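Here is the structure we will look at, set down as structure tokens.
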Amino acid sequence: MPELPEVETVVRTLAPHLKGQRIARAEFRSKFVTPGDRKALAARLAGREIVSIERRGKFIWIRLDQGSLAVHLGMTGRLLFNGVEGPHTHGVFELNDALLIYDDPRQFGRIEWSAGGATPKRIAVLGPEPLIIPAADFIGQLRARTTKVKPLLLNQTFLAGLGNIYVDEALFRAAIHPNTSAKKISRPKAQVLHQAIVEILKVAIDHRGSSISDYVDADGQRGGFQSLHQAYGREGEPCVRCQTPIKKILVAQRGTHFCPRCQRR
DNA sequence: CTTAATGTTCCCCA
DNA sequence: TTGGGGAACATTAA
């Protein structure tokens with residue numbers, strides 16, 4: 001569910017609720033979501049104050065008065081403020097006067113603790129933020145790589161935050177075939193791609209992300225950007241530019257949507 | 001019953 | 001060393 005715009009929306013909806021809250025008690029129930037000693041993690045969190053919450057790539061970084069939590073929502077993770085516990089609730093945070101629930105049917109998400117003020121390792125290894133990296137840097141780094149452009153944009157150590165939906169959307173808008181070798185993309189084309197990524201992410205954030213199946217923000221509200229998708233999930237439907245049916249192929253084991261006429265290799 | 005799903009990581013091979 | 005392919009993780013829905 002969660003790529004950069006969705007995670008950003010979760011953080012924005014969660015931040016005002018968590019400000020100044022203290023974790024009275026915590027409980028974790030999944031060995032996948034919370035690897036290691038779950039009881040020890042819960043004990044460590046009891047009594048901690050939430051200092052800040054921010055997004056980095058697809059991670060939610062919650063800083064505490066001692067240590068911090070790195071939360072990744074995986075495919076189906078949800079952080080729900082005053083949510084109701086269900087069969088897929090794997091994390092419970094009892095706050096001063098509220099309940100924060102972590103739900104995740106597939107359990108691909110992770111909640112991990114880091115000591116002190118250190119940046120959690122998983123966050124430290126991330127590539128630049130798409131909305132911050134200067135175009136010139138992006139262009140140079142893109143053209144230095146030999147990989148196909150789609151898997152490269154999905155690589156979080158290259159660029160942090162894009163997932164399957166927004167890569168397909170960005171490549172569609174930049175009219176680049178997903179199998180194009182990154183180094184073969186011309187400078188002007190790379191510039192267009194950078195611009196497309198920035199525009200897509202900004203508009204998607206404005207629309208509170210894409211709700212494909214079950215994504216909701218921390219207040220349980222769905223996003224609206226899915227109705228503005230031009231490639232993702234539009235297999236067989238006419239291209240908005242040339243009416244050619246959108247094609248779906250497999251690239252790097254991911255379903256990939258593109259216009260065979262607008263996006264040529 | 002089979003397949004695919006917003007993600008990441010790890011192993012194997014070229 | 002780099003990159004690609006495939007599998008794995010767990011669950012649900014079509």
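Because the structure is a prediction, the values reported are computed rather than measured. So you know, we letter chains A, B, ... as the sequences are listed, proteins then strands, and number each from 1.
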**OP:** Determine the interatomic distance between C1' on dT6(B) and the same-named atom on dG4(C); round to the nearest Å.
**Re:**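 Pairwise C1' distance, dT6(B) against dG4(C), rounds to 23 Å.
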Subject >> C1' spacing across the pair dA7(C) / dT3(B), given as an integer number of angstrom >> reply: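 To the nearest whole Å, 16 Å.
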Protein-nucleotide distance ([X], atom [atom1]; [N], atom [atom2]), rounded to Å:
{"X": "I165(A)", "N": "dG7(B)", "atom1": "CD1", "atom2": "P", "value": "7 Å"}
{"X": "E235(A)", "N": "dA4(B)", "atom1": "CD", "atom2": "C1'", "value": "12 Å"}
{"X": "I212(A)", "N": "dG7(B)", "atom1": "CD1", "atom2": "C1'", "value": "15 Å"}
{"X": "L250(A)", "N": "dG4(C)", "atom1": "CG", "atom2": "P", "value": "14 Å"}
{"X": "N164(A)", "N": "dA4(B)", "atom1": "CG", "atom2": "P", "value": "13 Å"}
{"X": "F225(A)", "N": "dT6(B)", "atom1": "CZ", "atom2": "P", "value": "16 Å"}
{"X": "E169(A)", "N": "dT6(B)", "atom1": "CD", "atom2": "C1'", "value": "12 Å"}

**OP:** Determine, for nucleotides 8-14 of chain B in 5'-to-3' order, which nucleotides have protein heavy atoms under 4.0 Å from the base (write B), from only the sugar-phosphate (write S), or from neither (write -).
**Re:** BS-----
**OP:** Can you check each nucleotide of nucleotides 9-14 of chain C against protein heavy atoms at under 4.0 Å and return B for base, S for sugar-phosphate only, - for none, in 5' to 3' order?
**Re:** BBBS--
Identify whether the distance between the nearest side-chain nitrogen and carboxylate oxygen of [X] and [Y] falls below 4.0 Å.
{"X": "R173(A)", "Y": "E199(A)", "answer": "no"}
{"X": "K58(A)", "Y": "E3(A)", "answer": "no"}
{"X": "R25(A)", "Y": "E27(A)", "answer": "yes"}

Original post:
In which stems does DNA chain C show up, taking only runs of three or more Watson-Crick or G-U wobble pairs whose two distances fall under 3.5 Å?
Top reply: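 Stems for DNA chain C, defined as runs of 3 or more consecutive pairs: B:2-5 with C:11-14, B:7-14 with C:2-9.
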**OP:** Check whether the side chains of H257(A) and D168(A) place a donor and an acceptor atom closer than 3.5 Å, and report yes or no.
**Re:**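 Side-chain D/A pair, H257(A) to D168(A): present.
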**OP:** Classify the side-chain pair E6(A)/Y166(A) by whether it contains a donor and acceptor separated by less than 3.5 Å.
**Re:**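 There is such a pair (donor and acceptor under 3.5 Å, judged by atom type) between the side chains of E6(A) and Y166(A).
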Original post:
Does the ring center of F93(A) lie less than 6.0 Å from the ring center of F81(A)?
Top reply: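 Judged by ring-centre distance (under 6.0 Å), F93(A) and F81(A) do not meet the cut-off.
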Original post:
If you count the non-hydrogen atoms of other residues, nucleotides and ligands that lie under 6.0 Å from CZ in R261(A), is the total more than 12?
Top reply: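 No, CZ of R261(A) has 12 or fewer neighbouring heavy atoms, counting only those of other groups under 6.0 Å.
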**OP:** Look at atom CD of Q191(A) and say whether more than 12 heavy atoms of other residues, nucleotides or ligands are closer to it than 6.0 Å.
**Re:**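 No, not enclosed.
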**OP:** Any ring-ring contact (aromatic ring centres under 6.0 Å, His included) involving residues 102-142 of chain A? Give me the pairs, sequence neighbours left out, ordered by first then second residue.
**Re:**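 Output for this query lists F138(A)-H194(A).
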**OP:** Respond yes when some side-chain nitrogen or oxygen of K248(A) is under 4.0 Å from OP1 or OP2 of dA5(B), and no when none is.
**Re:**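 Answer is yes, contact under 4.0 Å.
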Subject >> base_contact_polar (dG5(C) base, Q253(A) side chain, donor-acceptor, <3.5 Å) >> reply: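 Under the 3.5 Å cut-off, the side chain and the base do not form any donor-acceptor pair.
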Original post:
Is there a chain of hydrophobic side chains (I, L, V, M, F, W, Y, each step under 4.5 Å between heavy atoms) that links L100(A) to F59(A)?
Top reply: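 No, no single cluster joins them.
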Original post:
So what does Y166(A) hit on the nucleic acid, given a heavy-atom distance under 4.0 Å: a base, only sugar-phosphate, or nothing?
Top reply: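 If one applies the 4.0 Å heavy-atom cut-off, Y166(A) turns out to touch nothing in the nucleic acid.
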Subject >> Parallel, tilted or perpendicular, as decided by the 30° and 60° cut-offs, for the rings of H229(A) and F225(A) >> reply: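 The rings of F225(A) and H229(A) stand perpendicular, inter-plane angle above 60°.
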Pairs under 3.5 angstrom only: tabulate donor-acceptor contacts from the side chains of residues 243-254 of chain A to other protein residues two or more places apart or in another chain.
none

Could you go through nucleotides 1-3 of chain C and list every protein N or O atom that sits under 3.5 Å from one of its N or O atoms, giving the distance for each pair?
from, atom 1, to, atom 2, distance (Å)
dG3(C), OP1, T146(A), OG1, 3.0

